[in-house]
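Structure record follows, encoded as structure tokens.
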Amino acid sequence: YFSSDKDGMSYDDQGRLLAFKESRRSSEAESLLTTKRRSNTVYNALGQEVSFDEDDATQSSLDEHPLESTSHLERRNAAYDTSGRLIRYEDSTLQNGVLAQVVRRTDTAFNSYGLLEKKTEQQSVSGQDSRSGATLRVRSSQTERLTYDNEGRQNGLHEESWSDSAGNS
């Protein structure tokens, strides 16, 4: 089982959720408490989220094995197609205060049934080169030719990915 508490919710004048705090505890790891805080949510004119900040913290209550890890996610530049499906965004993630990765989804397409047909992403994994300050690895991928059975379950795809260890993709 797990337990979850959500509070600190705030809304804009149109009733859209702007911020909240959620705490979760699992029976599998009762000593761990995970807290998520969402803030700075911005919506477009159609009521779709275009940006937000999310902070996650995990803390242990065990004295002999104290644990604390944090992550901060910034989603920016989210865009939607005419059916309201998310097609583009940029996510930057910091782990324990250090930039860990940036994911940019730049192209997404759906078939006539509304199922994913193609997506293109670029993931920059951080760790800075001490001499040049450049990102150490950039991975780009394109997933296409997704196929589905009559029940709408995915049964095939083609994916290509490539990396540039110098960060010059």
Side-chain angles (χ1 to χ4, degrees), residues 9-12 14-22 24 34-58 69-169:
M9 292 178 262
S10 65
Y11 300 88
D12 66 10
Q14 295 182 3
R16 298 176 297 201
L17 186 62
L18 296 175
F20 65 85
K21 175 185 162 193
E22 181 178 26
R24 299 182 120 209
T34 302
T35 305
K36 175 183 297 202
R37 284 181 165 73
R38 169 79 66 100
S39 61
N40 301 323
T41 305
V42 175
Y43 295 90
N44 64 18
L46 297 174
Q48 300 159 323
E49 289 181 344
V50 294
S51 66
F52 60 81
D53 293 340
E54 205 165 83
D55 292 296
D56 287 305
T58 302
S69 69
T70 61
S71 67
H72 176 77
L73 169 71
E74 292 180 0
R75 171 156 292 176
R76 300 292 182 260
N77 304 317
Y80 299 82
D81 67 10
T82 56
S83 295
R85 296 172 297 217
L86 182 63
I87 58 170
R88 263 189 308 281
Y89 60 84
E90 180 174 315
D91 285 351
S92 300
T93 305
L94 285 76
Q95 286 293 129
N96 297 319
V98 178
L99 181 64
Q101 72 176 2
V102 176
V103 175
R104 289 179 185 89
R105 178 168 296 177
T106 56
D107 186 29
T108 307
F110 298 89
N111 65 20
S112 60
Y113 298 106
L115 301 170
L116 182 65
E117 189 171 66
K118 177 179 90 166
K119 69 177 180 175
T120 304
E121 286 186 348
Q122 181 183 61
Q123 179 181 21
S124 303
V125 179
S126 209
Q128 300 293 313
D129 182 318
S130 60
R131 294 168 297 212
S132 69
T135 301
L136 295 179
R137 186 168 156 249
V138 175
R139 178 184 177 271
S140 299
S141 67
Q142 182 162 349
T143 305
E144 58 188 7
R145 298 193 307 261
L146 284 89
T147 58
Y148 300 88
D149 66 14
N150 291 336
E151 302 295 320
R153 298 173 296 207
Q154 183 179 321
N155 62 11
L157 65 89
H158 174 76
E159 182 174 73
E160 294 183 17
S161 63
W162 53 99
S163 294
D164 179 352
S165 60
N168 298 319
S169 151

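Computed from a prediction, not measured in an experiment: that's the story for all the values here.
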To the nearest 0.5 Å, how far apart are [atom1] in [X] and [atom2] in [Y]?
X      : Y      : atom1 : atom2 : value
Phe20  : Ser10  : CZ    : OG    : 10.5 Å
Leu94  : Gln101 : CG    : CD    : 10.5 Å
Thr147 : Leu157 : OG1   : CG    : 7.5 Å
Glu144 : His158 : CD    : NE2   : 5.5 Å
Glu22  : Asp56  : CD    : CG    : 9.5 Å
Lys119 : Phe110 : NZ    : CZ    : 10.0 Å

On a heavy-atom basis, which atom in [X] and which in [Y] lie closest, and how many Å separate them?
X      : Y      : result
Leu116 : Lys118 : CD1-O, 3.5 Å
Ser69  : Asn96  : CA-OD1, 3.3 Å
Leu17  : Met9   : CD1-CB, 3.9 Å
Gln123 : Val103 : CG-CG2, 4.0 Å
Arg104 : Ser124 : NH1-OG, 4.0 Å
Leu86  : Ala78  : CD1-CB, 3.8 Å

ask   = Who are the side chain to side chain contact (heavy atoms under 4.5 Å, CB included) partners of Asp53, not counting sequence neighbours?
value =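 For Asp53, the residues satisfying side chain to side chain contact (heavy atoms under 4.5 Å, CB included) (neighbours in sequence not counted) are Ser39, Asn40, His72, Glu74, Arg76.
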task = Return the set of residues passing side chain to side chain contact (heavy atoms under 4.5 Å, CB included) with Arg153 (not counting sequence neighbours), or none when no residue passes.
result =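 Applying side chain to side chain contact (heavy atoms under 4.5 Å, CB included) to Arg153 gives Asp149, Glu151.
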request  = Keeping the roles fixed (side chain from Tyr80, backbone from Val50), state whether a donor-acceptor pair exists under 3.5 Å.
outcome  =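 No: the side chain of Tyr80 does not pair with the backbone of Val50.
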ask   = Excluding sequence neighbours, so at least two apart, what forms salt bridge (Lys or Arg N to Asp or Glu O under 4.0 Å) with Arg37?
value =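 So Arg37 forms no salt bridge (Lys or Arg N to Asp or Glu O under 4.0 Å) with any residue.
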